[in-house]
Amino acid sequence: MAETSATPASLATVHGYPRQGPDRELKKAIEGYWAGRVTADELHDTAARLRRDNWRHLAGAGVREVPTGDFSLYDHVLDTTVMVGAIPERHRAAVEADALDGYFAMARGTQAVAPLEMTKWFDTNYHYLVPELGADTVFTADPAKQVGELREALAQGHSPRPVLVGPVTYLLLAKPAPGMDPGFDPTTLLDRLLPVYVQVLTALRAAGAEWVQLDEPALVQDRDQAVLDAAARAYRELGSLTYRPKILVASYFDRLGEALPVLAEAPIEGLGLDFTGPAAANLNDLARVGGVVGKRLIAGVVDGRNVWINDLERSLSTLATLLGLTDRVDVAASCSLLHVPLDVALEHGVDPQVGRWLAFARQKTAEIVTLARALSEGTGAIAGQLAANRADLASRAASALTHDSAVRARSAAVTPADARRSQPYPERAVAQRARLGLPLLPTTTIGSFPQTTELRAARADLRAGRIDAAAYDERIASEIRSVLVFQEAAGIDVLVHGEPERNDMVQYFAEQLNGYLATQHGWVQSYGTRYVRPPILAGDVSRTEPMTLRWTRYAQSQTARPVKGMLTGPVTMLAWSFVRDDQPLAETARQVALALRDEVADLEAAGTAVIQVDEPALRETLPLRAADRPGYLAWAGEAFRLTTGGVRADTQIHTHMCYAEFGEILAAIDDLDADVISLEAARSHMQVARELAEAGYPREVGPGVYDIHSPRVPGVGEVASLLRKGLDGIPAERLWVNPDCGLKTRGWSEVRDSLDNLVAAAREIRKEVADQPSA
Ligand SMILES: [Zn+2]
C-alpha cells in the first residue's frame, strides 16, 4: 500500500453533515421564525452561517471535496419535492404566496391544510416527508436551492459536490397522491421526471459543478427487474447528456446486490458504496462484476450511523482490496453524517477512557482524512494515528465495561426453555380469566396519560433545585392517584399508573441500566426541528435494582382493580439507542432481555397480574433485505420471550405496537407468544382484526378504537361500530377495548370524553353479545 502514491491521490469526502450546529442554532432559528421572533432574513442568515461553518470545518480537517445541497431547513426529500416542482395541489397557493411559509406548510400543515405524511428514512431514526405523486403530476425544475448553495461554497473557496436525492429513489419513496388509485405506481413517472433532472444537472454544470452526487439508497433494497431497468434507463439517459457535471451515484445502508452491475455498466463517472455492516458484501460483489475500472469509487468504510471509532487497519485492508478493483478510491463515511451527533469533545460527562472509543461527526471526519492520507502517502504517514487507534480498540476490548463476566456467564447459560412460557396459551387463558375476573371485552389504555404542564414544571423544579426529591415524589404520587381515580370513575377494567415519572420510554430505562451511557449534547435529527439524544449501549447490560417496581406497587396499593406493569421491550431498547458494534446485536438484545426479565419477575412477585412489554420498534428495525429478516426476527422474538417467558401461567403478558400493517412480520408477532397484543387500528377501520383472524392468530387482541393522533373525540356509536367490526374477526372472549396508543400527547379534556365513550361503547357491545343466542 505504501507504493500507491503513483495512482491519483485519494480524497477524503463526506456525503452530508449534521445540519443543526453545535448549539442546535438551526432548531432555535426555525422555531423562532414559526413563533414570529425571527425574520425570514435572519433565518436564512443563520442557515448560511451554519453551512459556512460546516464547510470551513470540513475543509480545515482535510476534506478536499465538500457536499452542498445536503443542508435543509426541514428535510432533504421535501427539498427534492420543491426542486422537481411536485408541490401537492392543496399547498400550491401557499407556496406561490410565500415560498418559505409554503415549504413549512407542506412539512407541518396549517389549520386548513394537512401536511405531507412523514415516515422513516430506510431503517434509520430520521423521518422524511413522503412525496405525493399521481398520473397528473407535472414536474418543473427549480434548481435554485442547489445552485445557490453550490455558489456559496465556490465563493468561499471550496471544491463543492452537490448532493441530490436520485430520481429512482425519489419515485420509490413517493406514494400515490390523495384521490389517486392506491395502486398507482409512482415509478411510471420516470420519463416525465428525468427531463427535470437534466435541467438541474445542466444548471449545476453552468454554475461551476465539476461533480454531482445522486443518492440512490432505495436501490439497496430487494428490487424487481422493472426497477432495475428503470435505474439503467435513468442513468443511461442522464449519462448521455453532453453538457453536464460528472455523475456519481451513491448508495448506502446496505449492499447494492443486483443493482450493482446496473450502475457499474451505466455511463456515469463514479459510484459511492457502503462497506460497513451488511453492506460489507459490496466488496465481494464488486470483485464478482470485475470491479468498476475507469470509474471513481467513494468507499464508505467509516460507519456513518453509529458512534464508535473506526478500526483503521481493517478499513485500510478493505481499501487496499478496492484499489485493485477501480482506478481511483476516495474515502468517506458509509452515509451522511446526519445520523450521528456532532462532536464527542462536547461530552464532559463521559469517562475519558470511554470517550476515546467514541467518534461523532467531527471524529469520523478526522478518521476519513487519516484513511485517505494513508492511501495517498502510504501507511507510514499515519503511523501515529494507527498506534493510537490500536490502543483505543484494545482498551475497549479489554474493558470491564464491555466484559462483565457475570452478565456473560448468565447469557451463555440461557436455554431455549428460558424463552418459552411453561404452559400453552389456552391453559394460561383459563388461569388468567380465573385470577383477573374481567368482563367480556375488557377495557384498558396503552400506558401513558397526558403529560401536564404541572408535571413538566415539577421536573424542571427538581432539576433546578427548587424542590427536593421528596416533594417531587409527592407530586408524582398525587398524579398517579388522580389518574387512577379517573380510570375507576370512567369504569376502565385494567388500569395504568400513567407513567408521570418517565421522560421517555427508552431513556427512562437506559438511565437505570448498567452498560448504557447518556450524552449531554448527542443530539440527532429525528425530523424537522425535533432532535433526540439516543442513549449509547456501550457495555454489558445488567440491572442493579428494580426500575419500575416502586410506582407500580404504589399504584396497585391505591386500587382493587389490576394495574399493569409497564416495560419497554428489548428490541425497542436497541432500536432507539446507538448499539455496540463489537458483538452481534442478538447478544446485546439477550443481555437487555435478561435485565428486563428480572424486572418482570420483581413485578410479578409484588403481585402485578398484568405486565405489558412494548415493542413498537419490532417492525422498524427489520433489515432492508428480505434475506436478512429471518435471522433478525429469530433473535428479536427470542429476546421478547426471554423477557416474558419466566412468569406464571396466571400472569398476563401484554405487548403493544404502534402500527397496523404487519405484512411479513405477522408470523413473528405470533411467535412472541404474548397473551394480549394491542395495536393501532382506528384509522384502518379494524383491518388488522380481519388480517389477524385470516392468519388464525390464536390469542387476545386489542385493536385500537380511538385514534389518538387527532384531538377529535370519537362518539359512542363510532367506537361501537368499530368493535362490531372487530368481532367479525375476533371472538368476544379474545377482544379487548383500548385506544390506538398512549395518551401522553393529548389534552385531559379530550381524553376524559373519549375514554367515557370508549367504556360506554364496550358496555353496549357486551350487552349485544350477551343477548345473542350462543352458537
Ligand atoms: Zn403506540
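In each ligand, atom 1 is the first atom listed, and ligand 1 is the first ligand listed. Heavy atoms only: backbone and side chains are in, while hydrogens, waters and symmetry mates are out.
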**Request:** For F509, enumerate each residue passing the ring pair (Phe, Tyr, Trp, His ring centres under 6.0 Å) test, keeping only those at least two apart in sequence or located in another chain.
**Result:** none

**Prompt:** Residues in salt bridge (Lys or Arg N to Asp or Glu O under 4.0 Å) with E768, at least two apart?
**Reply:** R724

**NZ or CZ of R590 within 45° of W635 ring axis and under 6.0 Å** = no

**Asked** Can the positive tip of R108 be found less than 6.0 Å from the middle of the six-membered ring of W34, inside 45° of the ring normal?
**Response** yes

**Request:** For the residue pair K27 and Q20, confirm or rule out a side-chain donor-acceptor distance under 3.5 Å.
**Result:** no

**Request:** Just jot down the salt bridge (Lys or Arg N to Asp or Glu O under 4.0 Å) partners of E750, sequence neighbours excluded, or say none.
**Result:** R746

**Sum of protein N, O or S atoms, each under 2.8 Å from the Zn ion (ligand 1)** = 3

